[in-house]
Amino acid sequence: TLEMIQIPAGTFTMGSPPGKPKRKLLGFTVSLEGREKGRSKSESPQHTVTIQPFFMARFEVTQAQYQTIMGKNPSKFKGENRPVEQVTWNDAVEFCKRLSQKTGRTYRLPSEAEWEYACRAGTTTPFLFGETITSGLVNYNGNYTYASASKGKYRQETTDVGNFPPNAWGLYDMHGNVWEWCQDTLHGNYNGAPENGSAW
């Protein structure tokens with residue numbers, strides 16, 4: 001079973017806000033970083049995107065699901081309920097194609113805009129949990145801190161899907177655990193990006 005969640009239509013601001021210029025405070029020059037530490041130029045400029053309703057899987061595709069459709073399991077960190085990893089973009093597209101053929105319904109990768117919209121679930125902060133993350137909320141290398149968070153656990157492997165809290169729309173592991181593929185090709189920035197949620 002691949003449980004799907006209906007994502008509502010809406011409009012959101014995609015991307016990361018720009019950094020702030022240096023200012024003089026009490027005679028000292030202070031550099032005020034952008035609101036989102038570690039932001040990349042590829043996440044700019046921010047732009048408004050309108051999304052039509054779509055469905056997204058509640059969890060990452062598990063190894064058991066991938067094995068059922070593709071007949072193999074390329075994952076390094078084995079476990080039926082762990083997310084499949086070590087798959088290329090072409091593998092992910094082929095999985096969607098075969099799943100569509102098997103079920104008679106159309107499955108595809110989300111566009112980057114759809115993915116970010118679904119991940120944010122109405123939030124405007126750097127993470128769906130707020131201004132920072134911890135290894136109690138997300139499976140990532142907790143040796144690297146963000147904002148005011150303290151060091152956390154580094155599990156060095158994937159965890160079962162649904163092991164951490166979901167976002168407001170019921171989607172799990174939108175941060176951490178594994179990298180996720182989108183339809184779009186890579187671009188250096190958002191100049192000229194579509195505003196209708198389609199893949200670019």
Distance-only side-chain donor-acceptor flag, [X] / [Y], under 3.5 Å:
X      : Y      : result
Gln65  : Thr68  : no
Gln63  : Asn73  : yes
Trp115 : Glu180 : yes
Ser198 : Ser111 : no

Considering all heavy atoms, the nearest [X]-[Y] contact:
X      : Y      : result
Thr123 : Leu128 : CG2-O, 3.7 Å
Met56  : Pro110 : CE-CG, 3.7 Å
Leu99  : Leu2   : CD2-CD2, 3.5 Å
Gly176 : Glu60  : O-OE2, 4.0 Å
Glu131 : Thr125 : OE2-CG2, 3.5 Å
Lys151 : Thr145 : N-CG2, 3.5 Å

Pair Asn81-Val161, side-chain contact (heavy atoms from CB on, under 4.5 Å): steps then yes or no: CA-CA 6 Å; Asn81 204 37; Val161 300; 3.7 Å; yes
Please check: side-chain N/O of [X] versus main-chain N/O of [Y], any donor-acceptor pairing under 3.5 Å?
X      : Y      : value
Ser135 : Lys153 : yes
Trp181 : Val87  : yes
Asn167 : Ala118 : yes
Asn196 : Val49  : no

Do [X] and [Y] have side-chain heavy atoms sitting under 4.5 Å apart?
X      : Y      : result
Thr158 : Val178 : yes
Ile7   : Ile51  : no
Glu43  : Met14  : no
Thr50  : Glu195 : no
Arg98  : Glu94  : yes
Met4   : Arg105 : no
Gln6   : Pro53  : yes

side-chain contact (heavy atoms from CB on, under 4.5 Å) evaluation trace for Arg108 with Lys97: CA-CA 7 Å; Arg108 62 172 174 80; Lys97 178 182 170 186; over 6 Å; no
Residue Glu80 excluded, over 12 heavy atoms near CD under 6.0 Å: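 Atom CD in Glu80 is not crowded, with 12 or fewer foreign heavy atoms closer than 6.0 Å.
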Lys/Arg N to Asp/Glu carboxylate O, Glu157 vs Lys78, below 4.0 Å: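 Salt bridge: no.
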To the nearest 0.5 angstrom, please state how far the [atom1] atom of [X] sits from the [atom2] atom of [Y].
X      : Y      : atom1 : atom2 : value
Trp89  : Asp184 : CH2   : CG    : 10.0 Å
Phe95  : Asn90  : CZ    : CG    : 15.0 Å
Thr134 : Phe129 : OG1   : CZ    : 8.0 Å
Thr48  : Phe12  : OG1   : CZ    : 9.5 Å
Glu114 : Cys119 : CD    : SG    : 13.5 Å
Tyr190 : Ser16  : OH    : OG    : 9.0 Å

Phe164 vs Val138, side-chain contact (heavy atoms from CB on, under 4.5 Å): CA-CA, chis, key distance, verdict: CA-CA 6 Å; Phe164 294 91; Val138 174; 5.6 Å; no
Can [Y] be reached from [X] by stepping across I, L, V, M, F, W or Y side chains whose heavy atoms are under 4.5 Å apart?
X      : Y      : answer
Tyr66  : Phe77  : no
Val61  : Tyr172 : no
Leu109 : Leu171 : no
Phe54  : Met174 : yes

Aromatic ring proximity, centroids under 6.0 angstrom, Trp169 and Tyr117: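 Tyr117 vs Trp169: aromatic centres under 6.0 Å.
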Ring centers of Tyr140, His175 separated by less than 6.0 Å: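 That pair fails the under 6.0 Å test.
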Full working for side-chain contact (heavy atoms from CB on, under 4.5 Å) between Val84 and Ser75: CA-CA 6 Å; Val84 65; Ser75 301; 3.5 Å; yes
